[in-house]
J.: 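One structure coming up, written as structure tokens, with questions to follow.
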Amino acid sequence: MARLCARVAHVRYSARRENARWRKNRSMLVRSSGQQLDLTEDNVRLVLKDARTELLQLFDESVGITGEVELADMDGPFVKLALKGRFWHRRSDVVARVGNYLQKRIPEIVEVEAEDESMLDDSPENF
């Protein structure tokens, strides 16, 4: 009986701890979405992650869209993105939409472009 009580107490403690961790992460996410951020590589990565949910029509996996946009390079206020996979829209449109989203969230960004011009080629060989 003592073991059972100890086990129940442990499960309750673990559940409370996990729930508190979830609430903390959720509140950080709520605060970060829509809020303007400083220009750092971590913030650019965070905003790119947010863009996957905010710009869902660009990254809708339910229809076979496997495209990913990642930070390739950052030189001051100039950001270069790497594109991988398939996109529903033209790759140049994806860069433009994600670039606008980045600039709204991080106003210090001056320019967003693809890492390499060949990444903007929409031919099937690039997937």
Side-chain angles (χ1 to χ4, degrees):
M1 184 67 161
R3 284 186 193 168
L4 179 61
C5 289
R7 178 73 180 138
V8 168
H10 175 71
V11 168
R12 284 184 181 164
Y13 172 75
S14 297
R16 270 187 266 139
R17 187 177 63 201
E18 189 62 35
N19 193 17
R21 189 179 306 143
W22 178 83
R23 268 189 265 130
K24 178 183 173 191
N25 289 340
R26 181 173 170 257
S27 68
M28 285 178 17
L29 193 76
V30 169
R31 273 185 266 134
S32 69
S33 65
Q35 178 184 4
Q36 291 187 347
L37 302 170
D38 293 329
L39 179 59
T40 67
E41 286 189 19
D42 289 337
N43 284 344
V44 171
R45 286 188 178 93
L46 174 69
V47 173
L48 286 173
K49 186 176 178 182
D50 289 347
R52 283 197 68 80
T53 56
E54 294 287 325
L55 304 174
L56 187 60
Q57 68 275 18
L58 293 178
F59 303 104
D60 189 1
E61 293 178 5
S62 67
V63 292
I65 304 305
T66 61
E68 292 185 24
V69 178
E70 298 174 350
L71 176 65
D73 189 28
M74 196 169 93
D75 184 17
F78 301 96
V79 175
K80 293 191 182 246
L81 302 175
L83 283 76
K84 300 175 184 171
R86 304 173 100 181
F87 293 95
W88 184 266
H89 301 281
R90 291 182 311 181
R91 289 168 170 257
S92 58
D93 291 342
V94 171
V95 171
R97 297 274 307 273
V98 171
N100 286 337
Y101 186 78
L102 279 169
Q103 288 174 320
K104 284 181 184 174
R105 294 285 307 279
I106 306 174
E108 296 173 66
I109 294 176
V110 173
E111 185 178 339
V112 178
E113 59 183 17
E115 177 184 30
D116 185 4
E117 288 293 319
S118 66
M119 289 184 177
L120 298 177
D121 184 10
D122 290 315
S123 60
E125 297 85 39
N126 280 342
F127 307 148

J.: What pairs of donor and acceptor atoms, side-chain ones from residues 70-83 against any protein atom, are under 3.5 angstrom apart with sequence neighbours left out?
T.:
unit_1: Glu70; atom_1: OE1; unit_2: Lys84; atom_2: NZ; d: 3.0
unit_1: Lys80; atom_1: NZ; unit_2: Glu113; atom_2: OE2; d: 2.9

J.: With sequence neighbours excluded, tell me which residues meet side chain to side chain donor-acceptor pair (under 3.5 Å) with Asn100.
T.: none

J.: Please give me the minimum heavy-atom distance between Glu54 and Tyr101, naming the atom from each residue.
T.: CG-OH, 3.0 Å

J.: Could you point out which residue of Asp50, Val69, Val47 forms a side-chain contact (heavy atoms from CB on, under 4.5 Å) with Leu102?
T.: Val47

J.: Over all heavy atoms of both residues, which pair between Gln35 and Arg105 is shortest? Give the atoms and the distance, please.
T.: O-NE, 3.0 Å

J.: What heavy-atom pair brings Leu39 and Val44 nearest, and what distance separates the two atoms?
T.: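 Distance-wise, the nearest heavy atoms are CD1-CG2, 4.1 Å.
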
J.: Return the set of residues passing salt bridge (Lys or Arg N to Asp or Glu O under 4.0 Å) with Arg97 (not counting sequence neighbours), or none when no residue passes.
T.: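 Checked Arg97 against salt bridge (Lys or Arg N to Asp or Glu O under 4.0 Å); zero matches.
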
J.: To the nearest 0.5 angstrom, please state how far the CZ atom of Arg86 sits from the CZ atom of Arg91.
T.: 10.5 Å

J.: Checking Glu108 now: which residues fulfil salt bridge (Lys or Arg N to Asp or Glu O under 4.0 Å) with it, not counting sequence neighbours?
T.: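 Once residues adjacent in sequence are excluded, Glu108 has no partner under the salt bridge (Lys or Arg N to Asp or Glu O under 4.0 Å) criterion.
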
J.: With Thr40, which residues qualify under side-chain contact (heavy atoms from CB on, under 4.5 Å), at least two apart?
T.: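 Only Asp42, Asn43 meet the side-chain contact (heavy atoms from CB on, under 4.5 Å) criterion with Thr40.
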
J.: Of all the heavy-atom pairs spanning Pro107 and Leu37, show the shortest one and how long it is.
T.: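 That closest heavy-atom pairing would be CD-O, 4.1 Å.
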
J.: Could I get the full list of side-chain contact (heavy atoms from CB on, under 4.5 Å) partners for Asp116, not counting sequence neighbours?
T.: Ser118, Met119

